[in-house]
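Everything below concerns the one structure shown next.
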Amino acid sequence: MYIALSIMLVAAMFVLFMCGYYVRVIKEKFGMNWLHAVPITVAILMFNIIWALLEMAKSSRWQ
């Protein structure tokens, strides 16, 4: 189970990194506009998933 939690955590961190990258790309190409909402929303969701995975990893049931 530790391997599955680690893989999900790495995938969530990768998506979080890519969201930051795409915010930068959108800012360079289009300036400040409403397109920032999409990657920022996904980044917030990924942050919550990372937090949940870390909390689950603390439980002895998921060890």
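Because the structure is predicted, anything quoted here is derived from the model rather than measured.
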Take Leu53 and Met56 through the test side-chain contact (heavy atoms from CB on, under 4.5 Å) and record every step on the way to the result.
-> CA-CA 5 Å; Leu53 286 171; Met56 285 183 358; 4.1 Å; yes
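Grouped by direct or indirect side-chain proximity (heavy atoms under 4.5 Å, Ile/Leu/Val/Met/Phe/Trp/Tyr only), Met18 sits with Phe14, Phe17, Tyr21, Tyr22, Val25. If you chain together ILVMFWY residues whose side-chain heavy atoms come under 4.5 Å of each other, Ile40 ends up grouped with Val23, Ile44.
The side chain to side chain contact (heavy atoms under 4.5 Å, CB included) test applied to Glu55 returns Trp51, Lys58, not counting sequence neighbours. Annotation: side chain to side chain contact (heavy atoms under 4.5 Å, CB included) contacts of Leu16 (sequence neighbours excluded): Ala43, Met46, Ile50.
When each of Leu9, Val15, Val10 is tested with Met13 by the rule side-chain contact (heavy atoms from CB on, under 4.5 Å), just one qualifies, namely Leu9.
Judged as a salt bridge (charged side-chain N to carboxylate O under 4.0 Å, His left out), the pairs with a partner in residues 2-25 (not counting sequence neighbours) are, in order, Arg24-Glu28. Sequence neighbours left out, not one pair with a member in residues 31-52 passes salt bridge (charged side-chain N to carboxylate O under 4.0 Å, His left out).
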